[in-house]
A.B. asks: 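I have a structure I would like to understand better, so I am pasting it below and will then ask my questions one at a time.
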Amino acid sequence: MNAIKWQVFNHYGKALLLLAGLLIFAACGTSSSPQAEGKQGSGVNAQAATSVLILYPDGPGTFSESNGVSLQRKSKIGSVQLKPGLAYDKSTRSKKGGKDKPGQTGAQSMGEVQTQAYSYPDAAQIYAIMLTNLLGRYADVAVTRKAVSAYTAGEANQYYRTFYIGSTYEDPIPTALISDIMGGARVTWLNYNIWRLDNPAMGASLSQLGLRYVALYPEYQPSEFSVGFNRIDYRGYTFKKYIPGLLEVPIEMMEVAPESPSVVVHAWAKNSAGRQIPYALQSGNFWYIADNPFTYIHEQDRYLIFADLIAPMMGRDVTCTPRALARMEDLSPNDEGADLKRMLDSINRVGIPFLATAIPLYVDNNTVPVTQIRWTQNSGALTQLRRIPRIRGRIFQHGYTHQFENLKNPSGISGDDWEFWRVELDANGNRITSSPIPGMTASSALQRIQTGRSILVGLSTSTANLTPVGWTTPHYEADPGYYATFNQVYSRVMERRIYRVGTVIAGQFFPYPVRDVNGTLMLPENLGSVQPNYLLPMVEEAARANRVLRCPWAGHFFHAYTIDPTYDGPNAYSAAQFEGFLRYVRDTLGYTYVDPTTVTTQ
């Protein structure tokens, strides 16, 4: 999920770890956002007793396109930080037998950052959707999203909790909201504009909450990324906003100091000099988060801290048994049976439940005539596919052909290509087109899914039920307007997903199961997989990062070719190492691998 058609690019040319952070696209197509405003029941129970209000800025933004310029102890902020432009893109893997993408070394690339045609109000609604998705971990929570300018007096007291996402600098705050906060309403405030609670004209002050605004610390230049408040300590683990050589992005942090012993600091941000400032504070019913946790998210990121703290914010401070999901990826009729057997043997030796994503039909449109390979034409691979249900595996459908008809998207080969999203790359592997596929509709996309499903169901035998029980979108990208339609076939998926409001499209991963704004049960894929620039120790580190959360999940995926002894790519590892990783997650970290059909929201 990279960027599309920008007029101006800021491209960081470093490969990135499995990153699914917020990503901005220039809009192509006109699909509306999923219930961007008003009461919504998709992803939550509309009859729920627990209601939440999310307020987002709707102002146009006040910044010039320049890097951080100090302004009255606050700051103007450069376009890079407010246009979070990093994205997970699993399509660029170096796959055995496939076509490598030129100039790309791994499954993740730093996304382009748009400096034109950007909408602050659209981005604010995207953040609100991302928060709604996280609240979708609870089946009994109903969410209302609305612009903060539409807030009315006493409204926060009508909800269990109100979240304000301060993503637009100096956006106006209604005095009614300030008054309700001072009156004790349950409110969580993220990022900017916290200084507006100091309002002498109405007799309001942060000091009434036992807090004091100190400063905004911008580090927008590359030379500053490594020295800012880029490490956050939480529950005995140090989460990271900066990883040298992998995640090098603008950093920004607000300092709000506790002035009362009753204030609880749940997490501390530290800079390279060792200075620490509060990252997550609680003063009675009021919580403050010192940046926007939805920007530049990755597997060891402070995003996980905020996602975890939603539990106590919602009065649900409970712990759960750590659970894990393992996904074998990209099983194709073109695979060698020996490759699939090798991976399945490893899984079976460890003895865990898992899921496998199967491509119903292999296509290569570079040949004349077009090459098509069906599972029934490859007995070795089919034997292994039918083995999966007998060793505690479940089948998830992975597209129809994992490419689209005669389109070079970009190669025309199943497994390499996108199926529900248009992508063109330049000679260096950077996207020059990223948009909905011209002529494709939600109904035609649905037909492809149904056709593929029929193929897989038809491969079942009396001893091997290959009926898919879930879905994974090829390369995690489809027109966001299609997802509700996809639910007609599969409402259970394991993937990272993109969302759209107006000119902005964003990607998000989830550290626990949620039912998102489309009503889809999203199983967490939050560790990623071994890739040329994201090796096994990084996947293990992501598992450790998630382990400190209240209800930890470790969702990861893997390809059979990576443990082939003849494969010599930088992400190659042995069957013994793979089995060691599974045992490390299960036996050392204490996660329990579970059947994906048993996963639910809380």
Side-chain angles (χ1 to χ4, degrees), residues 1 16-24 54 81-88 108 111 123-124 126-137 163 165-167 188-191 228-235 237-243 246-254 266-270 279-280 287-313 476 495-499 506-514 516 522 524-528 534 538 541-555:
M1 304 163 209
L16 189 61
L17 71 155
L18 283 168
L19 185 70
L22 183 56
L23 162 68
I24 303 302
I54 298 176
Q81 172 69 4
L82 283 186
K83 299 170 188 154
L86 303 181
Y88 169 68
Q108 309 72 237
I126 282 286
Y127 297 128
I129 285 173
M130 296 174 82
L131 176 52
T132 302
N133 289 339
L134 291 179
L135 288 162
R137 73 183 298 185
F163 291 83
I165 304 175
S167 59
T188 296
W189 193 290
L190 279 62
N191 203 33
F229 290 95
N230 56 36
R231 294 171 294 137
I232 298 91
D233 289 341
Y234 177 68
R235 294 171 67 93
Y237 183 85
T238 299
F239 292 82
K240 306 166 187 68
K241 288 185 69 172
Y242 171 85
I243 300 176
L246 291 173
L247 182 67
E248 299 182 0
V249 297
I251 295 170
E252 179 180 52
M253 195 71 68
M254 255 59 58
H266 292 272
W268 293 89
K270 294 181 178 180
Y279 179 74
W287 288 69
Y288 179 68
I289 305 297
D291 76 344
N292 183 348
F294 297 114
T295 60
Y296 299 110
I297 66 178
H298 65 93
E299 290 80 358
Q300 302 169 41
D301 186 42
R302 86 293 189 206
Y303 166 72
L304 300 176
I305 299 174
F306 175 72
D308 191 55
L309 286 173
I310 286 175
M313 291 176 192
Y476 293 177
E495 64 182 58
R496 306 174 179 203
R497 184 154 275 191
I498 60 174
Y499 302 89
Q508 186 177 15
F509 73 90
F510 307 103
Y512 36 66
V514 305
D516 76 350
M522 305 295 300
E525 190 278 89
N526 56 329
L527 304 190
Y534 184 79
M538 294 296 289
E541 189 63 37
R544 287 190 290 272
N546 281 272
R547 184 62 180 82
V548 306
L549 307 183
R550 287 169 171 80
C551 292
W553 282 83

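Values below: every heavy atom of this structure, side chains too, minus hydrogens, waters and symmetry copies. Values in this document were obtained by computation on a predicted structure and should not be read as measured data.
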A.B. asks: Do you know which two heavy atoms are closest between Asn292 and Thr295, and how far apart they sit?
C.D. replies: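 So the two residues come closest at O-OG1, 3.1 Å.
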A.B. asks: State whether the side chain of Lys241 and the backbone N or O of Glu252 hold a donor-acceptor pair below 3.5 Å, judged by distance alone.
C.D. replies: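 Yes, because the side chain of Lys241 sits within donor-acceptor range (under 3.5 Å) of the backbone of Glu252.
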A.B. asks: Arg550 and Leu309: side chain to side chain contact (heavy atoms under 4.5 Å, CB included), yes or no, with the steps?
C.D. replies: CA-CA 9 Å; Arg550 287 169 171 80; Leu309 286 173; 4.1 Å; yes
A.B. asks: Other residues, nucleotides and ligands only: do more than 12 of their heavy atoms fall within 6.0 Å of NZ on Lys240?
C.D. replies: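 Correct, the count exceeds 12.
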A.B. asks: Please give me the minimum heavy-atom distance between Phe239 and Ala545, naming the atom from each residue.
C.D. replies: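 Closest approach of Phe239 to Ala545, heavy atoms only: CZ-O, 3.6 Å.
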A.B. asks: Got a second to check how far Leu131's CG is from Ile126's CD1, nearest 0.5 Å?
C.D. replies: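 Nearest 0.5 Å value for the CG-CD1 distance: 13.0 Å.
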A.B. asks: Side chain to side chain contact (heavy atoms under 4.5 Å, CB included) between Leu135 and Phe163: does it pass, once the steps are laid out?
C.D. replies: CA-CA 11 Å; Leu135 288 162; Phe163 291 83; 4.3 Å; yes
A.B. asks: Side chains of Gln508 and Tyr499: does their closest heavy-atom pair fall under 4.5 Å?
C.D. replies: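 Contact flag for Gln508/Tyr499 side chains = yes.
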A.B. asks: Determine whether Phe306 and Met313 make a side-chain contact, defined as any pair of heavy atoms from C-beta on separated by less than 4.5 Å.
C.D. replies: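 Yes; the side chains approach each other to less than 4.5 Å.
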A.B. asks: Are any of the side-chain heavy atoms of Tyr512 and Leu134 separated by less than 4.5 Å?
C.D. replies: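 SC-SC contact between Tyr512 and Leu134 confirmed.
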A.B. asks: Between CZ of Arg235 and CG of Asp308, what distance do you get to the nearest 0.5 Å?
C.D. replies: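 Output value for this atom pair is 5.5 Å.
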A.B. asks: Is there side-chain contact between Ile310 and Thr188, with heavy atoms separated by less than 4.5 Å?
C.D. replies: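 A side-chain contact under 4.5 Å is absent here.
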A.B. asks: Taking all non-hydrogen atoms of both residues into account, name the closest pair between Ala269 and Phe229 and its distance.
C.D. replies: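 So the minimum-distance heavy-atom pair works out to O-CD2, 3.7 Å.
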A.B. asks: With Arg496 as the cation and Phe509 as the aromatic partner, state whether NZ or CZ is under 6.0 Å from the six-membered ring centre and within 45° of the axis.
C.D. replies: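 Yes, cation above the ring, under 6.0 Å and within 45°.
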A.B. asks: Determine the minimum heavy-atom distance between Ile289 and Ala280, stating which atoms define it.
C.D. replies: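 Between these two residues, the closest heavy atoms are CD1-CB, 3.7 Å.
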A.B. asks: Is the shortest heavy-atom distance from the side chain of Phe294 to the side chain of Ile129 under 4.5 Å?
C.D. replies: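 No, their side chains stay 4.5 Å or more apart.
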A.B. asks: How close do Asn526 and Gly555 get, heavy atom to heavy atom, and via which atoms?
C.D. replies: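 For Asn526 versus Gly555, the nearest heavy atoms are OD1-N, 2.7 Å.
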A.B. asks: Mind checking the OH-CD1 spacing from Tyr303 to Ile297? Nearest 0.5 Å is all I need.
C.D. replies: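 Reported value, rounded in 0.5 Å steps: 4.5 Å.
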A.B. asks: Hey, are the side chains of Tyr296 and Asp301 touching, using non-hydrogen atoms and a 4.5 Å cut-off?
C.D. replies: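 Counting from C-beta outward, Tyr296 and Asp301 never come under 4.5 Å.
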A.B. asks: Taking C-beta and beyond as the side chain, do Leu190 and Pro293 meet within less than 4.5 Å on heavy atoms?
C.D. replies: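 Side chain of Leu190 against side chain of Pro293, heavy atoms only: contact under 4.5 Å found.
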A.B. asks: How far does CD of Gln300 sit from CZ of Arg544, to the nearest 0.5 angstrom?
C.D. replies: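 The CZ atom of Arg544 is 8.5 Å from CD of Gln300, to the nearest 0.5 Å.
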A.B. asks: Taking the side chain as every heavy atom from C-beta outward, state whether His298 and Ile243 have any pair of such atoms under 4.5 Å apart.
C.D. replies: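 Touching, per the 4.5 Å side-chain cut-off.
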A.B. asks: What is the distance from atom CE of Met254 to atom CG of Asn191, rounded to the nearest 0.5 Å?
C.D. replies: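 The CG atom of Asn191 is 4.0 Å from CE of Met254, to the nearest 0.5 Å.
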A.B. asks: Kindly compute the distance separating CG (Leu527) from CG (Asn546), expressed to the nearest 0.5 Å.
C.D. replies: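 That separation rounds to 6.0 Å.
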A.B. asks: Scan side-chain atoms only and decide if Tyr279 and Asp291 contain a donor-acceptor pair under the 3.5 Å cut-off.
C.D. replies: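 Side chains of Tyr279 and Asp291: pair found under 3.5 Å.
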A.B. asks: Restricting to non-hydrogen atoms, name the atom on Pro511 and the atom on Pro524 that form the minimum distance, rounded to 0.1 Å.
C.D. replies: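 Between these two residues, the closest heavy atoms are C-CB, 4.1 Å.
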